[in-house]
Amino acid sequence: MRVIVTRPRAQSEPLAARLRELGCEVVVCPLLEIEPLGDEAIGVEGYDWVVVTSANGADELARRRAGTMPRLAAVGPGTAEALRRHGLEPDLVPAVSTQEGLLEELPRPAGRVLVAAAEGARGLLADELGADFVALYRTRELRPDPPQGDLAVLASGSAARAFAALRLGIPVVSIGPQTTIAAEAAGLEVVAEAVTHDLDGLVAAVRSAQCSSRS
């Protein structure tokens with residue numbers, strides 16, 4: 001099976017290596033570019049919680065934070081692992097890796113909360129918590145030459161929309177429910193969704209799709 005990996009180039013190799021171990025032929029085709037939004041320090045003093053919604057957000061927060069970090073919430077295991085790479089241990093990682101799942105588990109009253117995310121991210125957390133919001137980065141869609149493959153792996157709604165714009169008719173695997181919603185809304189066929197919204201979950205979902213294609 002030829003699998004198209006659509007993650008930004010700097011983030012593609014861990015997934016590509018795991019897929020090669022499954023016996024897949026991997027086509028690295030980045031569909032997004034991450035653009036940091038400035039270098040100014042982000043003060044975290046005075047907050048009770050800082051909520052991080054992506055691995056890219058974790059990297060940018062670690063680079064730009066100023067002050068003693070309060071309690072940290074990561075939306076899922078991939079974000080939590082990115083925080084740990086910077087020596088930041090999350091206090092909360094919800095069992096369901098969505099904004100809804102995080103809201104369900106966040107202690108109330110949450111106090112003063114800072115949501116650190118991408119420009120244009122869903123506003124559910126900020127709205128429900130009355131939180132401050134800081135946009136740390138934006139994603140820019142790329143328009144590569146159309147890749148050839150049997151299956152594509154999508155790790156965000158932005159990647160789903162960018163892949164749909166290529167109009168290839170190739171089925172996809174999704175990292176989680178929000179990416180699945182975006183993919184299906186864009187007209188893509190989602191053949192598997194990761195149960196855990198991280199690298200292991202994506203690999204397991206590709207394995208599931210691989211087995212289904214052989215049956």
Side-chain angles (χ1 to χ4, degrees), residues 1-34 52-60 62 74-90 93-98 101 137 139 141-142 144-164 166 168-184 186 188-215:
M1 176 178 282
R2 178 179 285 186
V3 180
I4 302 167
V5 172
T6 64
R7 305 195 84 166
R9 188 167 297 280
Q11 302 170 10
S12 64
E13 185 51 34
L15 176 58
R18 292 283 299 276
L19 294 177
R20 292 187 190 104
E21 291 175 2
L22 287 183
C24 299
E25 180 182 349
V26 176
V27 179
V28 176
C29 181
L31 295 180
L32 301 174
E33 185 174 76
I34 306 302
V52 189
T53 64
S54 70
N56 291 312
D59 291 340
E60 284 301 299
V75 76
T79 304
E81 184 56 36
L83 288 168
R84 292 185 184 109
R85 286 198 298 270
H86 298 286
L88 299 171
E89 182 63 35
V93 183
V96 178
S97 303
T98 63
Y137 66 96
T139 56
E141 289 188 12
L142 304 177
D145 292 334
Q148 295 184 343
D150 305 300
L151 184 73
V153 181
L154 304 177
S156 69
S158 299
R161 290 183 286 272
F163 189 71
L166 299 178
L168 300 176
I170 295 171
V172 302
V173 162
S174 156
I175 196 170
Q178 292 303 318
T179 301
T180 295
I181 289 169
E184 291 179 341
L188 298 174
E189 178 192 3
V190 179
V191 294
E193 179 182 295
V195 175
T196 59
H197 313 310
D198 55 10
L199 181 61
D200 289 341
L202 278 174
V203 172
V206 170
R207 185 186 295 113
S208 173
Q210 195 176 37
C211 292
S212 297
S213 71
R214 290 170 177 167
S215 60

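Keep in mind that what you see is a predicted model, and the values were worked out from it rather than measured.
Separating the CG atom in D59 from the OH atom in Y137 is a distance of 9.5 Å, to the nearest 0.5 Å. For the atom pair CD of Q178 and OG1 of T53, the computed distance is 11.5 Å after rounding to the nearest 0.5 Å. For the atom pair CG of D198 and CD of E81, the computed distance is 9.5 Å after rounding to the nearest 0.5 Å. In this structure, CD on E13 lies 12.5 Å from CZ on R7, to the nearest 0.5 angstrom.
Residues A82 and A58 share a closest heavy-atom pair of CB-CB, 3.7 Å. Smallest separation of non-hydrogen atoms from I170 and G149: CD1-O, 3.5 Å. When all heavy atoms of T79 and A55 are compared, the closest pair comes out as OG1-N, 3.6 Å. Minimum heavy-atom separation, L32 to S156: CD1-OG, 3.6 Å. Nearest approach of P30 to P144, heavy atoms of both residues: O-CG, 4.1 Å. T179 approaches A160 most closely through the heavy-atom pair O-CB, 4.2 Å.
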Criterion side chain to side chain contact (heavy atoms under 4.5 Å, CB included) on L154 and L188, from CA distance to verdict: CA-CA 11 Å; L154 304 177; L188 298 174; 3.8 Å; yes

Side chain to side chain contact (heavy atoms under 4.5 Å, CB included) evaluation trace for E89 with R84: CA-CA 5 Å; E89 182 63 35; R84 292 185 184 109; 3.1 Å; yes

Stepwise side-chain hydrogen bond (donor to acceptor under 3.5 Å, both in side chains) test for S174 and T180: CA-CA 6 Å; S174 156; T180 295; 2.8 Å; yes

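Checked for salt-bridge contact, R207 and E21 miss the test: no charged N lies under 4.0 Å from a carboxylate O.
No more than 12 heavy-atom neighbours from other residues, nucleotides or ligands sit within 6.0 angstrom of CZ on R9. For E141, the CD atom is densely surrounded, since the number of other residues' heavy atoms within 6.0 Å is greater than 12.
Partner of C24 under the side chain to side chain contact (heavy atoms under 4.5 Å, CB included) criterion, out of V206, V153, D150, L151: V206 alone.
Looking at N56 and S54, their side chains never bring a donor and an acceptor atom within 3.5 Å of each other.
Within the 4.5 Å cutoff, the side chain of L168 has heavy atoms near those of the P147 side chain. Proximity of L31 to L166: side-chain heavy atoms (C-beta onward) are separated by under 4.5 Å at one or more points.
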